[in-house]
Amino acid sequence: MLSEPRAMAKHIEPGMRVALPVDYAGVSMAMTRPIIEHGAGDLDLVCVPTGGLQVDQLIGAGLVRTVETSAVSLGEAGGAPRFNAAVKEGAVRLKDATCPAIHAGLVAAQKGSPFMPLRGLIGTDLLRHRDDWRVIDNPLADGGDPIVLIPAIKPDVTIFHVPMADRFGNVWIGRRRELAAMAYASHTVFVTVERIVEENLLADEMSAAGVLPALYVTAVARAPKGAWPYGLWGEYPADSAEIARYAKAARTADGFSAYMAQAQMEPA
Amino acid sequence: MLSEPRAMAKHIEPGMRVALPVDYAGVSMAMTRPIIEHGAGDLDLVCVPTGGLQVDQLIGAGLVRTVETSAVSLGEAGGAPRFNAAVKEGAVRLKDATCPAIHAGLVAAQKGSPFMPLRGLIGTDLLRHRDDWRVIDNPLADGGDPIVLIPAIKPDVTIFHVPMADRFGNVWIGRRRELAAMAYASHTVFVTVERIVEENLLADEMSAAGVLPALYVTAVARAPKGAWPYGLWGEYPADSAEIARYAKAARTADGFSAYMAQAQMEPA
Amino acid sequence: MADVLPREVLICTIARLLDGVRHVAVGASSPIPAAGAMLLRAMKEADGTVGPRISILGSVEHNFFTNGSAELFDCAGQGRIDAFFLGGGQIDGLGNVNLVGTGDYPRSSVRWPGSFGSAYLYFVVPRVILFREEHTPRVFVEKVDFISAPGVSPEGVFRSGGPVALLTGKGLFRFDKTRPGFELESVHPGHDLAEIKQATGFQFAHDAEPRQTQLPDRPTLDLLRGRVFDELAETYPEFAAQMRRELGAVDA
Amino acid sequence: MADVLPREVLICTIARLLDGVRHVAVGASSPIPAAGAMLLRAMKEADGTVGPRISILGSVEHNFFTNGSAELFDCAGQGRIDAFFLGGGQIDGLGNVNLVGTGDYPRSSVRWPGSFGSAYLYFVVPRVILFREEHTPRVFVEKVDFISAPGVSPEGVFRSGGPVALLTGKGLFRFDKTRPGFELESVHPGHDLAEIKQATGFQFAHDAEPRQTQLPDRPTLDLLRGRVFDELAETYPEFAAQMRRELGAVDA
């Protein structure tokens with residue numbers, strides 16, 4: 001159960017569908033460089049429901065085939081430079097979505113259902129470009145009530161970072177329950193944590209309420225400050241200067257390579 | 001926000017759809033007698049996903065029109081006597097279901113969707129007797145893949161009991177997340193609790209993880225030992241002797257009336 | 001082996017039926033299935049391998065879930081539950097299960113609690129073991145009065161699970177879904193084919209002289225009476241105590 | 001009233017547009033909408049009534065959610081969110097919003113982050129306020145290059161929400177979904193109709209001499225500059241500080 005980031009990254013194979021969380025939910029930045037070093041490409045990323053730094057870096061490293069997402073950006077630091085460049089060059093295939101459609105696809109997988117219905121979407125160009133989404137006439141209405149069906153999203157791998165896990169592989173996700181949804185839907189789940197605690201997190205009702213049980217977790221690795229330069233809820237704030245530094249550096253492919261080649265992988 | 005059981009019971013109107021939790025999740029037995037005293041009838045009960053003592057007592061009191069449930073029983077104490085008698089007499093309309101179908105209907109309401117698909121069910125007599133469920137051919141398959149659609153369940157009122165709430169109406173449900181699902185799906189939510197705490201339960205990430213926010217809660221009332229004779233997770237065990245005493249007494253309508261007329265409404 | 005109790009035979013048979021599963025879910029009031037799962041885990045661990053994960057519904061000790069009562073069904077839908085047990089007020093020769101009642105629905109003459117999760121789990125759990133100690137024509141009928149969950153489904157119906165065996169107080173049947181129907185695999189000590197035929201309301205395949213149900217060896221029995229009954233006592237104290245009383249009576 | 005800053009006019013206008021809502025959700029980097037909502041709450045509480053609940057996405061202080069990032073959308077789908085704000089790289093005269101990019105999709109010449117939740121929230125939140133300070137023909141176009149979320153839907157399409165107003169740095173428009181299209185309601189101080197026409201790429205209805213946007217009275221302004229900027233500083237410290245610097249410059 002206990003592993004380390006490099007060992008976990010080795011299980012990522014070319015062509016896998018990889019789910020990654022939104023920037024404030026717990027991004028495992030500690031896994032980014034090991035994944036890039038490992039080098040498995042043609043990845044189909046699923047951003048839950050939006051992407052940022054990690055997605056931009058995986059795209060910049062040339063590992064990404066498609067991006068299913070509701071948005072990719074660096075937040076206050078502006079657009080995601082490698083993503084934007086890849087879009088312009090046609091180097092990644094886009095599956096532009098809307099946040100609740102990503103959630104709906106994961107819920108379908110969580111429930112073992114082939115699809116989930118979702119209101120909205122009709123008349124958007126998102127729908128026009130998604131041939132995997134389907135409009136049907138609501139069978140429970142009297143006709144003339146179109147509704148979109150979102151197919152189940154079943155990632156091969158989900159990767160995220162949270163404050164703690166116990167020795168049994170139970171992972172504390174607190175109120176960030178989209179992390180549980182991702183895990184339920186996924187075949188393999190890799191988690192990095194700030195710390196491993198001795199007590200069983202399921203043994204106490206208070207901590208148990210925020211636990212993703214080991215049942216859904218493939219491996220856990222300790223990675224202090226593992227979300228950096230993103231912040232981690234309840235632990236540390238984002239390092240906006242570092243994110244801005246990346247945003248500036250990665251405007252060009254060369255600048256991106258230079259940034260990624262730097263030894264500094266953790267905060268000083 | 002802060003109320004008391006009798007005041008909350010007054011908001012129940014004839015013909016309302018009322019959702020009640022499974023016996024181990026936190027049944028607000030403290031609300032049972034106030035509801036019966038208030039006397040609003042023709043209730044459509046939704047058991048999430050099964051019913052027990054409270055459902056049997058509301059049926060015994062003649063307040064129930066339909067029961068949507070996956071089961072009704074008193075567990076170790078045997079069958080639910082007033083429910084069974086009402087079934088035999090045809091005094092309640094049955095909407096026999098299966099546990100995940102009840103959950104699916106609540107999730108549909110939670111998501112603002114008209115329905116949720118559910119595997120299984122095909123070929124059962126449950127499906128044959130549910131004209132509100134619909135079989136369609138899965139629109140995302142190549143044909144010949146029948147699947148059942150469960151319509152959204154939107155209760156008028158949800159009622160349950162948990163260990164604590166704070167002064168702001170935030171309710172701690174721990175890992176009993178079906179209580180949250182019921183609340184999301186419902187118009188009105190009444191909660192009884194063992195105790196009201198001073199601190200804001202949302203202020204700390206550890207307690208927040210198990211909180212149903214005040215946003216979904218209509219009113220909270222203090223009711224110590226409010227699940228009795230059921231137990232409450234993390235607080236006290238079930239009083240199986242009392243449940244057995246009820247099971248025996250309620251075999252007849254008279255025995256039921258005598259039991260309910262007793263002054264003892266809380267444990268000695 | 002005269003000192004093996006009938007329920008010990010059941011527990012050991014369940015352990016055998018579960019061999020190879022990664023995760024088995026057991027109902028709240030099912031001490032014999034739980035004991036079977038715990039025995040398999042103990043045997044695997046004694047062999048130095050990994051035993052199955054056991055989820056006991058309603059138990060605090062064996063509750064690995066944190067997402068309310070929907071999680072069991074989600075988990076099964078995800079393919080994470082390999083085995084489950086179903087009983088039934090009536091079970092017929094096609095593996096149909098009735099948990100609702102006898103007579104004309106909805107005004108059943110005898111009403112049972114209801115279908116619980118059977119109408120879903122029977123479809124999606126690969127190894128469903130039908131377990132009912134009472135082996136009478138009242139339980140094992142030609143045709144159930146109400147189908148809570150069907151034993152087989154027409155082609156095209158999504159079905160990754162279903163019955164593999166039926167274990168009763170008298171014998172063990174395998175379910176053959178191609179036929180479909182039950183085949184008597186073995187008879188428990190103290191029972192015979194004629195008795196089983198008489199007690200069973202449906203037709204079933206069988207050898208002319210069916211073999212006896214396999215009895216546990218000494219190490220298995222030691223594991224069961226030691227570690228497993230200790231573990232069992234945490235969740236089913238009354239059942240574990242009763243088993244130990246019965247063993248005491250045998251020893252005396 | 002020369003001492004009212006342009007952004008104070010925007011904030012006070014937003015407070016007016018939100019009047020009557022029970023629950024308003026605000027994006028993580030939307031200090032002006034947040035300030036408008038906080039001002040409304042402060043005004044209501046000063047009147048002794050109940051102000052709106054304000055959910056600020058990404059804020060810890062104003063996060064009432066405990067079910068992950070799906071909860072906002074669930075909550076909106078349940079009808080529990082009365083008002084929301086949308087911006088857009090492009091907005092056209094039919095209220096269509098483009099958050100994806102310009103040029104031919106998917107190889108957009110300018111790519112913006114993406115549609116976020118707009119393709120859902122625009123349909124189910126009753127009072128969506130389009131807010132974009134930059135008022136240029138680049139933003140307010142005849143027809144958006146990509147529809148992230150449409151302003152109106154054909155009859156029969158489930159739609160309990162949609163645009164009610166468009167607020168820019170130059171003026172306030174009402175959205176008339178029957179026509180459909182925008183109507184200029186008022187012009188902010190320092191701007192005029194001719195300028196707005198030139199800066200707007202789509203046709204809109206207007207009076208011959210549109211009135212000026214209503215300015216806040218003294219008590220409102222005091223509330224804004226006191227309690228509201230204090231509250232705002234907790235979530236948007238830089239914005240609050242900048243507003244106070246600008247006010248200092250005006251006073252000086």
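Note on naming: letters A, B, ... go to the chains in the order of the sequence lines (proteins, then strands), and numbering restarts at 1 for each one.
Between atom NZ of residue Lys88(B) and atom CZ of residue Arg111(C) there is a gap of 12.0 Å, rounded to the nearest 0.5 Å. Considering SG of Cys99(B) and CZ of Phe73(C), their distance stands at 4.0 Å, rounded to 0.5 Å. Expressed to the nearest 0.5 Å, how far CD of Glu76(B) lies from CD of Glu238(C) amounts to 7.5 Å. Expressed to the nearest 0.5 Å, how far CG of Leu126(B) lies from CG of Leu99(C) amounts to 9.5 Å. Remark: Arg177(B) CZ to Glu71(C) CD distance equals 10.5 Å, nearest 0.5 Å.
By number of non-hydrogen pairs under 4.5 angstrom with chain C, the leading residue of Ser73(B), Gly234(B), Gly90(B) is Gly90(B). Most heavy-atom pairs under 4.5 Å with chain C, from the set Leu118(B), Asp125(B), Val107(B): that is Asp125(B). For the set Pro150(C), Ala70(C), Gly101(C), Ala76(C), the entry with the most heavy-atom pairs within less than 4.5 Å of chain B is Ala70(C).
Contacts between Ala149(C) and chain B at a heavy-atom distance below 4.5 Å involve the backbone alone (N, CA, C, O). For chain B, the nearby part of Val100(C) is the side chain; its heavy atoms alone come within less than 4.5 Å. Contact of Ala97(B) with chain C is made through the backbone alone, with heavy-atom distances under 4.5 Å.
Panel note: side chain Ser115(C), backbone Ser70(B); no donor-acceptor pair is recorded below 3.5 Å. A distance-only check finds no donor-acceptor pair linking the side chain of Arg175(B) to the backbone of Gly68(C) [under 3.5 Å].
For residues 122-147 of chain C, a heavy-atom distance under 4.5 Å to chain B picks out Phe123(C), Asp145(C), Phe146(C), Ile147(C), given by residue number.
Across all non-hydrogen atoms, the minimal contact from Leu94(B) to Pro106(C) is CD1-O, 3.8 Å.
Residues Val157(C) and Pro146(B) have side chains in contact (heavy-atom distance under 4.5 Å, counting atoms from C-beta outward). Using a 4.5 Å cut-off on side-chain heavy atoms (C-beta onward), Arg176(B) and Ser69(C) make contact. In this structure, the side chains of Asp96(B) and Tyr105(C) come closer than 4.5 Å at one or more pairs of heavy atoms. Using a 4.5 Å cut-off on side-chain heavy atoms (C-beta onward), Leu121(B) and Tyr120(C) make no contact. Contact check for Phe116(C) versus Thr98(B): no side-chain heavy atoms found under the 4.5 Å cut-off. With a 4.5 Å cut-off on side-chain heavy atoms, Pro113(C) and Val72(B) do not count as touching.
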Check against side-chain contact (heavy atoms from CB on, under 4.5 Å), Phe158(C) and Ile147(B): CA-CA 8 Å; Phe158(C) 180 91; Ile147(B) 189 166; over 6 Å; no
